[in-house]
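So that the names make sense, note that chain A is the first sequence line, chain B the second, and so on, each numbered from 1.
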Number of protein chains: 2
Amino acid sequence: MPDTHPIARKLDGRADATRRRILEAALAEFAEKGLAGARVDEIAARADANKRMIYAYYGSKEDLWLSVLEQAYTAKRDREHALDVQALPPRDAMAKLVSFNLRYTAAHPEFVALLNDENLNRAAHLKRSEEVQALYTPLLDTLRAVLARGEAEGAFRRGVDPMQLYITLVGIGHFYVANSHTLSTIFGSGLTTKKALAAREAHCVDVVLGYLRP
Amino acid sequence: MPDTHPIARKLDGRADATRRRILEAALAEFAEKGLAGARVDEIAARADANKRMIYAYYGSKEDLWLSVLEQAYTAKRDREHALDVQALPPRDAMAKLVSFNLRYTAAHPEFVALLNDENLNRAAHLKRSEEVQALYTPLLDTLRAVLARGEAEGAFRRGVDPMQLYITLVGIGHFYVANSHTLSTIFGSGLTTKKALAAREAHCVDVVLGYLRP
DNA sequence: CCAATAAGTAACCAACCAGTTATTTACATG
DNA sequence: CATGTAAATAACTGGTTGGTTACTTATTGG
């Protein structure tokens, strides 16, 4: 039924807008302060919504956290899915995967913050998520395919475990973004400038491609 | 004055023991729940001490957090300082640095948790730490020396940025430990078994040495 | 044994905070 | 314009939590 009742449409539209504002505000608040540090009142204020609506739409603070987390996963999954590297030679394809990951991570520190805090909570919320799909990561499949192709063509070394490489590939970007503040106390601030990010991107590509040489 | 008043000694001894119990309890509580999620009452209970003593000895929850953080840094720094790799050939030395880092990280997930939470707080506490020494990391100096030696001997590729390599080396261990719970939802649990850690260690060494080949 | 001081305790408090209740407002339709 | 319903609001509540106050216990030199 694409043509639902106009009344429902209109009301849904307003309600949906509120839902979306709450979700966006929650993302910002949770990413900034973590689950325990975030304040429901503050989320309501940021969303310019009444606190009651948060409970009406999302049930509880923890349920809201899970919704935010699932949405963040979905957003990244969508971007990963849009990656098309199968036409590229293995080394170019791999370079693109590494670059994509670093750029996405740097552009979405909220995702990094959410992930860290969810791990602090032993992934308790994700584990009870019904959207198991949220955990599926297209990047892993793509990586596996590129790796297999590169091995077959002799472009990559043999015997590389896709899981290990995936964790390494994601980790070298994630750690840089997640710990930029403490790293800044060691190396001086300026790790998040365009120039510094470009240098990090080049290094990450170098590391992965350098390692994969036969 | 090695022989201070016995009265002071005895009392200091009892006081120091309480201080230490509080610090240990705080480390456990903070690592488990983060700064915002940790409860001062719970720390007092874990330490089998009165809450008042926490404030007498450490001033406030945030000051206690900083003390815990500094102690964790100091502990790691001490272990890094005990590393002696200058007598080893560059590749062996580098392998030892990578192995050390992964093992230390895996053995001290509390340090990882503290670091993540401190970064969530934009390193606000470390930045106002008077023990600037806490930020100094011997591993970086050692890495720099090994890298220079390996380059000079032709064992490593040229032009590697020590900072980038340091971040990569630490990151590939840190991310694995910090995100083991969400990674487990993807790859199935069992990432922290002895076997899995040995596999990760081997991979990390392979990546760094593979990358550094000339 | 007694004074002096350090260490430790129990009870308390005010601010905070997740979650609720009672009520009002907005809006499409008959 | 009256009416039913979805959306939104203000005010409140009970438990929690960082921090404090007033008081007790332990230790030892004189």
Participant: Restricting to nitrogen or oxygen on both sides, can you table the protein-nucleotides 16-19 of chain D pairs closer than 3.5 Å?
Facilitator:
unit_1 : atom_1 : unit_2  : atom_2 : d
D/dT17 : OP1    : B/Arg39 : NE     : 2.6
D/dT17 : O5'    : B/Arg39 : NE     : 3.3
D/dG18 : OP1    : B/Ala38 : O      : 3.2
D/dG18 : OP1    : B/Arg39 : NH1    : 3.2
D/dG18 : OP1    : B/Lys61 : NZ     : 3.2
D/dG18 : OP2    : B/Val40 : N      : 3.0
D/dG18 : N7     : B/Lys51 : NZ     : 3.3
D/dG19 : OP2    : B/Tyr55 : OH     : 3.0
D/dG19 : OP2    : B/Lys61 : N      : 2.9
D/dG19 : N7     : B/Lys51 : NZ     : 2.8
D/dG19 : O6     : B/Lys51 : NZ     : 2.4

Participant: Check the distance between D/dT25's P and B/Asn50's CG and give it to me in whole angstrom.
Facilitator: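 The distance from CG of B/Asn50 to P of D/dT25 comes to 14 Å, rounded to the nearest Å.
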Participant: Determine, step by step, whether B/Asp84 and B/Lys96 satisfy the salt bridge (charged side-chain N to carboxylate O under 4.0 Å, His left out) criterion, reporting the C-alpha distance in whole Å, the side-chain angles of both residues, the deciding distance to 0.1 Å, and the verdict.
Facilitator: CA-CA 9 Å; B/Asp84 182 21; B/Lys96 197 171 171 185; over 6 Å; no
Participant: Could I get the full list of side-chain hydrogen bond (donor to acceptor under 3.5 Å, both in side chains) partners for B/Arg79, not counting sequence neighbours?
Facilitator: none
Participant: If the condition is side-chain hydrogen bond (donor to acceptor under 3.5 Å, both in side chains), which residues does A/Asp206 pass it with, not counting sequence neighbours?
Facilitator: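 Residues passing side-chain hydrogen bond (donor to acceptor under 3.5 Å, both in side chains) with A/Asp206: none at all.
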Participant: Can you pull the ring-ring contact (aromatic ring centres under 6.0 Å, His included) pairs that have at least one residue in residues 15-58 of chain B, sequence neighbours excluded?
Facilitator: B/Phe30-B/Trp65
Participant: Between atom OH in B/Tyr57 and atom C1' in C/dT9, what is the gap in whole Å?
Facilitator: 13 Å
Participant: Who passes side-chain hydrogen bond (donor to acceptor under 3.5 Å, both in side chains) against B/Asp92, sequence neighbours left out?
Facilitator: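 Once residues adjacent in sequence are excluded, B/Asp92 has no partner under the side-chain hydrogen bond (donor to acceptor under 3.5 Å, both in side chains) criterion.
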Participant: Check the distance between C/dG8's P and B/Asp48's CG and give it to me in whole angstrom.
Facilitator: 11 Å
Participant: Using whole Å, what does the distance between atom P of nucleotide C/dA7 and atom CZ of B/Arg20 come to?
Facilitator: 14 Å
Participant: Do any side-chain nitrogens or oxygens of B/Thr18 fall under 4.0 Å of OP1 or OP2 in C/dG8?
Facilitator: yes
Participant: Can you tell me how far P of D/dA7 sits from CG of A/Asp16, to the nearest Å?
Facilitator: 9 Å
Participant: Nearest whole Å is fine: how far is C/dT24 P from A/Arg52 CZ?
Facilitator: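 Atom-to-atom, A/Arg52 to C/dT24, this comes out as 17 Å.
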Participant: Who pairs with A/Glu80 by side-chain hydrogen bond (donor to acceptor under 3.5 Å, both in side chains), at least two apart in sequence or on another chain?
Facilitator: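 If we apply the side-chain hydrogen bond (donor to acceptor under 3.5 Å, both in side chains) test to A/Glu80, skipping adjacent residues, the hits are A/Lys76, A/Thr137.
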Participant: Measure the distance from CD1 on A/Ile22 to P on D/dA7 and round it to the nearest whole Å.
Facilitator: 12 Å
Participant: Determine the contact category for A/Tyr58: base if any of its heavy atoms lies under 4.0 Å from a base atom, sugar-phosphate if only primed atoms, P, OP1 or OP2 are that close, otherwise nothing.
Facilitator: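 Answer is nothing: A/Tyr58 stays at 4.0 Å or more from every strand.
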Participant: Between C/dT21 atom C1' and A/Met53 atom CE, what is the distance in whole Å?
Facilitator: 15 Å
